[in-house]
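Throughout, a chain's letter reflects where its sequence line sits, starting with A, and its residues are numbered from 1. Keep in mind that this is a model prediction, so the values were computed, not measured.
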Amino acid sequence: MFKNYILIALRNMMHNKLYSLINIGGLALGLAVFVFATVLSNYEKTHDMFFDKADRIYTLGSVFSPTANVGVIEDDNVYTTMAPLLTAEVPDIEAIARIVKHEFLLSMGDRKFYQDIKFADKAFLKIFDFDYLAGDSSALDDPSGIVLTETMARKYFPSPDFSAEMAMGQVISLDHKHDLRVTAVIRDVPKNSHFSSSLFGDYLAVVATLPALNKMTGYNLDGNWGNLTSGNLTYVLLPAHLDAEWLERQANGVFDRHASDYAKDYLTGLKSHRLQDVNLVIWDMLGLPVIEGMVVLGFLVLIIAGLNYTNLATAQAMGRAKEVGLRKTMGASRGQLLTQFLIESMAIAMIAMLVALAMLEMIIPVFNDSMGKIVSLEYSSLLPSLMGVTFLVGLIAGLYPAYVIIRATPVDALNNALGTGSKGSFVRSCMMGAQFVISIVMLAMVAVVSFQNEKMKESSEIYPKSQIVTLQRLGVDDLQGRLETLQREMNTIPEVENVTFSSRVPFEQGSWTFDVTKNSGDVAAKVSLHRIAVEYDFLKTYDIPLIAGRDFSRDFANDLETRDSRAVNVILNELALKKIGFASAEDALNKSFYQVYGGHAAAKKSKAYVIVGVMADQNFLGLHNDVKPFVFRVDPRYYYKASIRIKGQNLTQTMEEINDIWQKINPDYPIQVKFLDEIFDMTFKRSRAINMVLAGFAVMALTLAFVGLFGLSAFMAERRTKEIGLRKVMGAKTHQIVLLLIWQFSRPVLWALALALPLAYLASDAYLTSFADRINLQMVLIAGSGLVALVLSWLIVSAHAVRVARRKPITALRYE
Amino acid sequence: MLKLNNLSKVYRTEEVETTALNNISFHIEKGEFVAIMGPSGCGKSTLLNIIGMLDNPSSGEYHFLGEEIAQASEKQLANIRKQNIGFIFQSFNLIDELTVSENVELALLYNDVPAKERKERVARVLDKVGIAHRARHMPSQLSGGQQQRVAVARALVAEPAMILADEPTGNLDSAHGEEVMQMLKSLNEEGSTIIMVTHSPSHADYARRTINLFDGQVVTEIYRAAE
């Protein structure tokens with residue numbers, strides 16, 4: 001019996017090759033997308049589990065208060081002063097370690113590299129059991145110890161017969177100032193760790209001690225309530241019986257007892273994360289449920305594929321009415337027929353799953369290569385769920401066609417008179433409509449997201465992006481004294497229009513704020529502004545227009561801020577002056593406002609800032625955020641970056657000349673060049689990546705829906721051959737029949753439109769709320785997506801309609 | 001074998017009521033060969049479907065082997081049917097995706113016959129209808145006459161007490177038609193009860209009794225003397 005079922009299932013597939021291909025292919029595609037989304041989400045959610053104590057390691061993060069205005073909801077780190085406070089006040093914590101990232105120039109003799117170093121408390125190596133090629137977990141007990149990964153050790157100490165032992169004890173100097181000694185070499189951390197996450201773009205390569213950082217920067221980490229930097233994590237190791245909630249309570253207790261008022265204004269509290277969630281904290285920070293969203297999208301695509309299969313299988317099952325009628329005549333019971341059809345659909349689901357897995361085996365390596373991940377299909381652990389999904393898909397998708405076909409009486413079945421009722425076609429239309437609802441909403445979202453991205457890119461054109469070359473990392477003492485020479489020499493290059501310095505350049509993420517008030521000492525009315533140190537020609541270099549007042553000039557002594565300045569001239573944007581409390585640009589000109597010092601304003605004498613210029617509100621600080629209130633001041637103490645505006649011809653030669661001049665002036669520091677374009681792309685690529693993923697899902701969904709429509713309309717057109725023949729005999733013209741068929745086949749798509757358009761509006765509205773500069777084309781785009789879906793569906797349907805309608809009426813009639 | 005008493009079948013839609021069979025009563029003994037004749041739309045096929053338990057009557061009694069089954073459930077009917085009745089259709093109704101022997105085997109599949117026995121019985125019956133050499137062919141590779149022989153084989157293989165044939169020669173040329181009639185005749189001689197719907201008076205002559213239907217009613221019954 002079983003053999004007979006399988007046999008007839010297989011022969012049926014071979015008999016209707018096109019439908020089988022559409023059926024299996026569609027289902028395979030849906031399954032592949034779903035399995036991939038699930039596997040990827042699982043991969044992202046189980047990072048770092050290979051560390052021995054993974055289930056006892058937590059990190060602490062901060063939740064911003066709504067007024068903090070930093071563009072993200074939370075941060076993955078806490079103030080560095082939290083660790084010593086927790087150690088002192090919460091004895092149950094087993095170990096705690098901070099890491100602070102800092103980039104230095106590393107030199108080993110003649111070899112020099114810029115490198116991000118993670119400076120850590122020595123407990124770091126006790127919390128994480130790295131794989132030591134040389135040395136051991138006591139490597140950071142010595143404050144001048146430094147730990148390298150194998151890759152870094154090979155890079156710094158290249159040798160044909162490299163061994164980890166060779167690197168041990170070698171001296172590495174930071175910024176030519178401070179010598180460290182290699183005390184351990186560890187194997188590279190596997191890619192499924194937040195230490196090598198492609199999401200962070202921040203790899204664990206070199207680890208040194210916090211005291212070493214202290215020596216370099218003189219910066220005291222303890223007792224400091226002013227430094228929150230993403231990626232500078234604090235790790236906590238708890239005994240097995242304590243959990244994340246407990247840690248969160250303790251940490252918030254400590255925070256409430258010790259934090260400065262400023263810190264409490266800025267944060268609403270602290271949050272703990274399990275180690276395995278750390279990899280995903282970046283999405284929490286942005287408030288985007290990317291991983292969950294991916295799984296939901298994958299599931300929706302699977303639903304579309306399932307509906308597709310059900311619909312086609314139902315249509316196809318009707319073609320098998322005769323077989324069913326016969327089987328009934330032979331005495332087959334409903335149960336037996338049900339079993340037969342379910343076995344068939346499960347067999348198809350299984351084939352589809354095998355095809356899906358084969359597709360994934362080909363796609364995943366490519367994906368891993370390009371994304372820097374090591375996702376894999378672990379069959380031993382996946383098998384039960386793969387089988388479960390296959391079984392469920394086969395069962396659910398097969399149930400309706402099986403029901404339709406076996407509910408008919410043998411006589412109806414033999415006479416091919418089943419499922420032609422209006423109820424059956426209603427159900428099929430609903431299934432088709434549901435597919436299109438999902439697809440159209442996805443398509444509309446892709447359109448909205450990509451147009452918003454374009455808008456963002458367009459907004460970025462306010463700065464002469466392609467003409468600006470930035471030199472990074474000038475904040476080193478050795479270089480600070482050479483900036484004037486550098487500027488003078490660079491200006492001699494014919495292609496260079498201008499050279500200027502600043503604390504930051506447009507599009508960089510991050511914030512550096514200070515509190516000010518309109519009336520001196522009026523602490524209650526303080527507002528927080530972003531500050532940016534610039535050089536005299538900065539506004540000119542970046543084409544930033546003034547709407548009132550004047551640009552900075554060397555002719556005014558007070559334009560230059562120094563440590564002892566009591567009154568400084570500044571230029572601010574309109575938003576800033578409104579926040580401070582000025583009515584208009586004209587009203588604000590030549591007025592002053594005053595700095596407020598955190599908590600103890602009275603202790604210091606307030607510094608006055610005099611407004612000499614007002615600029616338009618520009619999104620200087622990254623386009624993903626609201627426009628921020630900010631203040632420009634000329635303050636050479638913070639010239640960390642140079643911006644060189646070039647004419648844009650002979651780029652290669654210009655770059656060579658810039659390089660040569662740098663080499664001449666700063667032979668001891670390699671040049672670090674970034675085009676402003678690149679800096680913009682750093683943040684832009686995240687939005688683009690989200691859109692790419694969404695587009696991928698949408699393309700899959702839409703393809704499946706169209707393939708389904710294609711298959712179903714082919715089938716229905718075939719079944720109506722006789723009706724069409726009769727219409728022609730009665731005198732219907734070909735185009736009338738084509739129109740009739742198109743109208744009837746596209747009705748589900750029209751219904752889907754009515755439902756999808758409002759849904760798409762709600763979804764896109766939710767997405768767009770996070771953008772300050774949002775597109776106003778939303779409605780047009782949504783309607784356009786609907787139109788695209790409709791027109792495409794017409795094209796697909798008309799292919800069949802024209803073919804069937806053009807047949808000679810006699811062929812059509814003879815069909816029966 | 002079977003007995004019909006005041007059997008009626010009425011098709012109802014919202015607006016129209018069509019009486020397909022109107023108070024039909026007759027009985028058929030074991031081993032009889034009965035032909036049912038009448039013009040198109042007189043209810044022949046409906047009657048055969050009810051006798052074959054593919055359909056339920058609207059009213060009246062239907063005794064089959066002494067059991068009243070007029071309002072039996074589909075499941076009960078399926079059980080009686082698969083053990084007692086073989087069908088031959090005008091349009092053969094072979095499954096295109098199955099070979100000749102698999103088509104014949106189908107009739108045994110739902111009777112829980114072990115695989116080995118199924119094979120033997122299928123071979124035997126194919127031999128009997130003279131189509132054994134085509135056992136592995138697909139129906140589409142056979143002529144109409146050959147296809148109908150396969151259908152006859154399928155009707156026989158489960159060794160049913162009664163064979164119902166709905167215009168078995170309707171789609172065949174006269175030579176093949178004769179062939180099939182000869183086959184039915186010899187089956188009857190071996191003891192099978194045969195009920196056949198036909199349009200052809202000459203084919204009806206193979207039967208011992210002819211029931212003439214008109215507008216859903218039995219108008220005449222003609223008995224033919226044994227040859």
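- With a threshold of 4.5 angstrom between heavy atoms, B:Asn93 approaches chain A through its backbone and through its side chain.
- Ring geometry for A:Tyr403 against A:Tyr400 counts as tilted: the plane angle lies between 30° and 60°, on a 0 to 90° scale.
- By the 4.5 Å heavy-atom criterion applied to side chains, B:Ile95 and A:Leu326 are counted as neighbours.
- For B:Thr46, no part lies near chain A; criterion is any non-hydrogen pair under 4.5 Å.
- Contacts with chain A were tallied for B:Lys75, B:Lys82, B:Arg81; B:Arg81 has the most, counting heavy-atom pairs under 4.5 Å.
- A donor atom on one side chain and an acceptor atom on the other are found under 3.5 Å apart for A:Gln340 and A:Arg327.
- Only the backbone of B:Leu94 comes within contact range of chain A, judged by heavy atoms closer than 4.5 Å.
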Step by step, would you call B:Arg149 with B:Glu179 a salt bridge (Lys or Arg N to Asp or Glu O under 4.0 Å)? CA-CA 9 Å; B:Arg149 276 197 251 171; B:Glu179 235 175 66; 3.1 Å; yes
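- No side-chain heavy atom of B:Ile50 sits less than 4.5 Å from a side-chain heavy atom of B:Leu4.
- Counting heavy-atom pairs closer than 4.5 Å to chain A, the top residue among B:Asn79, B:Ile85, B:Leu98, B:Ile80 is B:Leu98.
- Residue A:Arg334 touches chain B through its side chain alone, counting heavy-atom pairs closer than 4.5 Å.
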